[in-house]
Number of protein chains: 2
Amino acid sequence: MIAVASAAEERPARVSGIDKIERRRVALAESALKTLGELGYARTSLREIANNSEFTHGVVHYYFRDKIDLISYCVRYYKTKCARRYDEVVETATSADELATGFLGKMTQTLVEETPMHKLWYDLRAQSMFEEQLRPDVEAIDQLLEEMIWRILSRYADLTGTTPTVDAPTAYALIDGLFEQAVVGYAANPEKVPDLLTGRLLQVLPKLVAA
Amino acid sequence: MIAVASAAEERPARVSGIDKIERRRVALAESALKTLGELGYARTSLREIANNSEFTHGVVHYYFRDKIDLISYCVRYYKTKCARRYDEVVETATSADELATGFLGKMTQTLVEETPMHKLWYDLRAQSMFEEQLRPDVEAIDQLLEEMIWRILSRYADLTGTTPTVDAPTAYALIDGLFEQAVVGYAANPEKVPDLLTGRLLQVLPKLVAA
DNA sequence: GAGATTTCTTGACAAGTGTCAAACAAAGTC
DNA sequence: GACTTTGTTTGACACTTGTCAAGAAATCTC
């Protein structure tokens, strides 16, 4: 998606050029994501993004065709960071308890440390209902997240000697429902919400598997 | 909230005046909700709302202080319509099966027939993460919906001779997760999503109660 | 029906938006 | 070192936004 692979076949001089473009794009996307995470999709303008970066608003338009192109790029860039968050836990855990605590730990950690990102994600998913151009990217991320949850639940079932009793989309919707509730509630109750989320997930997880 | 109660104490002539104001407000809110449901919060302007109504954009400002005031009123008005949707089913059902099918029937029905409303709700809830002024209204609705889900689950437990195994916020987050997934996916797959939702809820409901 | 009040229309405003293009600077090429 | 390509700045454009105010129209009051 972010197209680095195919560039490797061209001559070195050119590669570094494309690489530099890609670097700028990434820098702009990271800056844009910060602003988007704080203000939300609706209130973020290209000028605001440029102001909160080291570039001018013309540069934004130089590297991205238009606003949707930028946002879309941001979303795709974002996904590369989020969907592999629990992989290490899944791979290293040797017991169901270890997996559960590791998973919940990482989840509350990202909830607290990357709140703006998660707010933005739920915002963008809502926007995708109205803005068709966002839909493919949002669908792709949703798919990735679903697979992520499924890997966790499968492993959890393995470690408990059980099998999942719901399919992947259902498991994702349930757990995502709890997480979204936590993200929305976090602003009002930053100190209590992480523990509530942990407790609720601990209640729910065992119900999603059975011998 | 929508202030009719206190008006009753004034002299009759005045009451009908206030009543008329309230009627206009409701008419404007209903029109605004239609536009909001189609375009989403971000892309809906006061002029667009006025254009899609029988009034001019000046009237909007005459009856509502500003944009947030209007949206906020819309949200509160909306909530009065949505949170009692399943009450009849809950009250008349005499068996768990009857309750489940009645509940699922009404849920898929509103999913299909009032899609814009539900899209708007998830949009506004996302917006409330960025716009503090929306938060109280959104929280109030969330509370109402949670209670609605809890009434259903309690009754379901009663009819099956069991008790819920999760608390109200958890039950709401889980079921709402499934419903939101359905709303988001409905645009892409209008014919399959309702049945998928039904199947998933049928899988999940029994897991939320136990003897 | 005259006069006062409420309701509505119209047009304007300041501010902000996405987009673009022309001028300018930097880097790379021969 | 001249010339082309690439990157950046700046300022402008057409347009939309929320807000408001002055006045017309409708309604009510006596």
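Both backbone and side-chain heavy atoms feed into the values below; hydrogens, waters and symmetry mates do not. Letters A, B, ... mirror the listed sequences (proteins, then strands); counts begin at 1. On a predicted model such as this, the values are computed, not experimentally measured, just so you know.
- Side-chain contact check for Leu36(A) versus Ile71(A): some heavy-atom pair is nearer than 4.5 Å.
- For Lys207(A) and Tyr156(A), the positive end is not near the middle of the six-membered ring at less than 6.0 Å and at most 45° from its axis.
- In this structure, Ile71(A) atom CD1 and dG18(C) atom C1' are separated by 12 Å, rounded to whole Å.
- Classification of the Phe179(B)-His118(B) ring pair by plane angle, with boundaries at 30° and 60°, yields perpendicular.
- For the pair Glu131(A) CD and dG18(C) P, the computed distance is 12 Å after rounding to whole Å.
- With hydrogens and angles ignored, no donor-acceptor pair under 3.5 angstrom links the side chain of Arg47(A) to the base of dG16(C).
- Side chains of Glu147(B) and Gln143(B): a donor on one and an acceptor on the other come within 3.5 Å.
- If you measure from atom NZ of Lys67(B) to atom C1' of dA15(C), you get 15 Å, rounded to the nearest angstrom.
- For Tyr63(B), counting side-chain heavy atoms from C-beta on, the closest listed nucleotide (dT9(C), dT7(C), dT19(D)) is dT7(C).
- The CD-C1' distance, from Glu48(B) to dT19(D), rounds to 18 Å in whole Å.
- To the nearest 0.5 angstrom, Ile175(B) atom CD1 is 15.0 Å from Arg200(B) atom CZ.
- Picking from dC20(D), dG18(C), dT9(C) the nucleotide with the shortest atom distance to the side chain of His57(B) gives dC20(D).
- What separates CZ of Arg24(B) from P of dT27(D) is a distance of 10 Å, to the nearest Å.
- Taking side-chain N and O atoms only, Thr56(A) has no distance below 4.0 Å to OP1 or OP2 of dT8(D).
- Ranking dG7(D), dT19(C), dA12(C) by closeness to the Ile21(A) side chain, first place goes to dG7(D).
- Listed pair Ser45(A) / dT17(C) meets the phosphate criterion, a side-chain N or O lying under 4.0 Å from OP1 or OP2.
- Considering only side-chain atoms of His61(A), the nucleotide from dT19(D), dC20(C), dT6(C) that sits closest is dC20(C).
- Per the geometry, CG belonging to Leu28(B) stands 12 Å off C1' belonging to dC8(C), to the nearest Å.
- Put simply, CZ on Arg43(A) is 12 Å from P on dT17(C), counting in whole angstrom units.
- Between Glu54(B) atom CD and dT9(C) atom P the separation is 10 Å, expressed in whole Å.
- Closest to the side chain of Tyr62(A), from the set dG18(D), dT6(D), dT9(D), is dT6(D).
- Comparing dG18(D), dT7(C), dT19(C) by their closest approach to the side chain of Leu46(B) singles out dG18(D).
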